[in-house]
Amino acid sequence: MNGNTHLFIPGPTNIPEEVRRAMNLPMEDMRAPDFGDFIVPLLADLKKVFRTETGRVFVFPGSGTGAWEAAITNTLNSGDRVLMSRFGQFSMLWVDMAERLGLAVDAIDVEWGKGVPAEDYAARLAADKAHEIKAVFATHNETATGVTSNIAAIRTALDAAGHPALLFVDGVSSIGSIEFEMEAWGVDLAVAGSQKGFMLPAGLGLLAVSEKALAAHERAKMPCCYFSFSDMIRLNDTGYFPYTPPTQLLRGLRVSLDMLFGAGLESVWERHHRLGSGVRAAIAEWQGCRLVADAPKWHSDTVSAIYAPEGIDARQVIETAYHKYQTSLGSGLAKLAGRAFRIGHLGSLNPVMLCGALSAAEMALRDAGAAISPGQGVAAAQEAFRMTTPPVQTRSAARAA
Ligand SMILES: *Cc1c(COP(=O)(O)O)cnc(C)c1O
């Protein structure tokens, strides 16, 4: 292998050197008298990424899928009616989990390329006068299709119907990368994972929970043990865990939070918007390619899913990029297999790295027979990045100004 290999999948994402170094340390005593001094502020700071002041956060060993399960088993009862929608692999899997855990799921199927059907949710909530629906689920950013949904619109639908259902949001590929406002949007359970916007290895299932959902937890009777909120709360309050926590990941999380706050969350969101826009500018130039997201209002700033031109197998594009150009692109999941490939543009990335991703994708597309002129998409991305990227303000530049 010559030089670097390149990772442009929508998770796991690239780990910044600072974070990687922070995790390279000897094992430590998770019951040490001063370990709690590290954990209490870490959890308090994690709340800021979810944008909640009144809720609380949970850090479980696991991944996003584990956090999904924790959210359901801690707050609902088997047989509870819930409202969900499916429009990609991840929203589909969440429905599948809810059914397997014994919930009575009203699942709305939406064409892939669109997102949460807020109008349908509004109609169903308004019609549910008896308040049988206990929870409403929304996948904020469907990573399989590159579709972002409007969570505030779902809160509006709940409020307009005067409906008390809990609002569950899968923010695994959005939180820490694009705008997410737990408190302002009235989200009750928000799920994230360490290996996407948090720029860490997989291994942590992250969860933020509102006061209302914590009250529901008091009444919930679904069996739940390893992921129990109550056990976690009892020990977290003094900075400890009910079982061995992955201390290196927590040390890494400390640094990734410092990096997010150092840049400013709004500025992180804005950078993802610039990166996503540049990638979309390139895709618009690729003859025969188009986004799976079928309207600008669904465009995701963290991942683009791209239909390969007619007659070209997207799997071949991905394999060529990997073997010939040392570049990992995301695959087409479930019914998009062979039809689409993905470019992840979240986490520790900058425009020049993405020009590399686009360049590899373009070469692999041409190798597969796509009618794209060399550099056509990359040129469009370059211009988009050139026009929108602010200069990095160094201390010497600040002094000179
Ligand atoms: C990655 C992802 C998940 C699954 O998370 P794991 O960490 O792989 O368990 C769930 N939902 C979305 C939207 C994702 O992007």
Side-chain angles (χ1 to χ4, degrees), residues 4-17 19-20 23 46 49-50 59-69 87-94 97 115 139-149 169-180 190-208 246 249 252-253 255-257 259-260 268-269 271-273 275-276 279 292-293 299-306 318 321-322 327-334 336-337 340-350 353-354 356-357 360-361:
N4 298 327
T5 58
H6 310 285
L7 187 64
F8 293 104
I9 61 174
T13 65
N14 294 281
I15 303 180
E17 271 307 303
V19 173
R20 219 160 58 167
M23 293 186 297
L46 183 56
V49 182
F50 285 87
V59 177
F60 289 107
S63 69
T65 308
W68 274 354
E69 184 159 337
F87 39 82
Q89 173 76 350
F90 293 97
S91 45
M92 231 166 61
L93 287 173
W94 209 9
M97 174 186 280
T139 300
H140 185 203
N141 190 76
E142 174 51 80
T143 317
T145 56
V147 163
T148 301
S149 291
V169 177
D170 175 348
V172 178
S173 61
S174 60
I175 293 168
S177 304
I178 61 176
E179 185 182 14
F180 185 83
V191 172
S194 49
Q195 79 277 24
K196 308 228 169 139
F198 288 92
M199 309 174 287
L200 289 162
L204 301 177
L206 308 171
L207 197 60
L249 285 173
L253 177 61
V255 177
S256 91
L257 294 182
M259 290 178 76
L260 291 172
V268 170
W269 301 340
R271 172 171 54 89
H272 282 84
H273 181 62
L275 296 178
V279 169
V292 175
H299 286 173
S300 166
D301 284 334
T302 60
V303 53
S304 293
I306 305 143
I318 294 161
Y322 183 77
T327 299
S328 282
L329 303 173
S331 51
L333 297 177
L336 294 178
F341 67 95
R342 292 175 299 156
I343 298 176
H345 33 86
L346 76 165
S348 181
L349 286 178
N350 58 40
M353 291 166 83
L354 279 173

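Because only heavy atoms are used, hydrogens play no part in the values below, and waters and symmetry mates are left out as well, while side chains stay in.
You'll find the side chain of V255 stays beyond 4.5 Å of the side chain of M23, heavy atoms only. Residues P10 and T302 are not in side-chain contact: their nearest non-hydrogen atoms beyond the backbone lie 4.5 Å or more apart. I343 places a side-chain heavy atom less than 4.5 Å from the side chain of L329. Put simply, the side chain of R342 does not reach to within 4.5 Å of the side chain of V292, judged on heavy atoms. Two residues are said to be in side-chain contact when any heavy atoms from C-beta on lie closer than 4.5 Å; V268 and M259 fail this criterion. Using a 4.5 Å heavy-atom threshold, the side chains of S304 and H345 count as touching.
Side chain of R271 to main chain of L349: a donor-acceptor pair is present (N/O by atom type, distance under 3.5 Å, no hydrogens or angles). Judged by distance alone, the side chain of E179 and the main-chain N or O of W269 form no donor-acceptor pair under 3.5 Å. Distance alone, capped at 3.5 Å, is enough to place a donor-acceptor pair between the N14 side chain and the L7 backbone.
By the salt bridge (charged side-chain N to carboxylate O under 4.0 Å, His left out) test, D170 pairs with no residue at all, sequence neighbours left out.
Judged purely by distance below 3.5 Å, without hydrogens or angles, the side chains of S173 and T143 pair a donor atom with an acceptor atom.
How far CG of D301 is from CD1 of I178: 6.5 Å, rounded to the nearest 0.5 Å. Atom CG of L346 and atom CD of Q195 lie 9.5 Å apart (nearest 0.5 Å). Remark: N141 CG to S300 OG distance equals 3.5 Å, nearest 0.5 Å. Taking CZ from F8 and CG from L354, the interatomic distance works out to 5.5 Å, rounded to the nearest 0.5 Å. The CG atom of L46 sits 5.5 Å away from atom CZ of F198, with the distance rounded to the nearest 0.5 Å. Remark: S348 OG to M199 CE distance equals 6.0 Å, nearest 0.5 Å.
The minimum heavy-atom distance between H140 and G171, with the atom names listed, is CB-CA, 4.4 Å. Scanning both residues, P246 and L204, for their nearest heavy atoms gives CG-CD2, 3.6 Å. Minimum heavy-atom separation, A293 to G146: CB-O, 3.5 Å. Contact record, A67 with V191: CB-CG1, 3.5 Å, taken as the closest heavy-atom pair. Contact detail for G176 and L260: the closest heavy-atom pair is O-CD2, 3.8 Å. Looking at every heavy atom in both residues, S149 comes nearest to G115 through OG-CA, 3.3 Å.
Taking the six-membered ring for Trp and thresholds of 30 and 60 degrees, F180 and F50 have ring planes more than 60 degrees apart, a perpendicular arrangement.
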Problem set entry | Step-by-step side chain to side chain contact (heavy atoms under 4.5 Å, CB included) determination, L336 to Q89 | CA-CA 9 Å; L336 294 178; Q89 173 76 350; over 6 Å; no
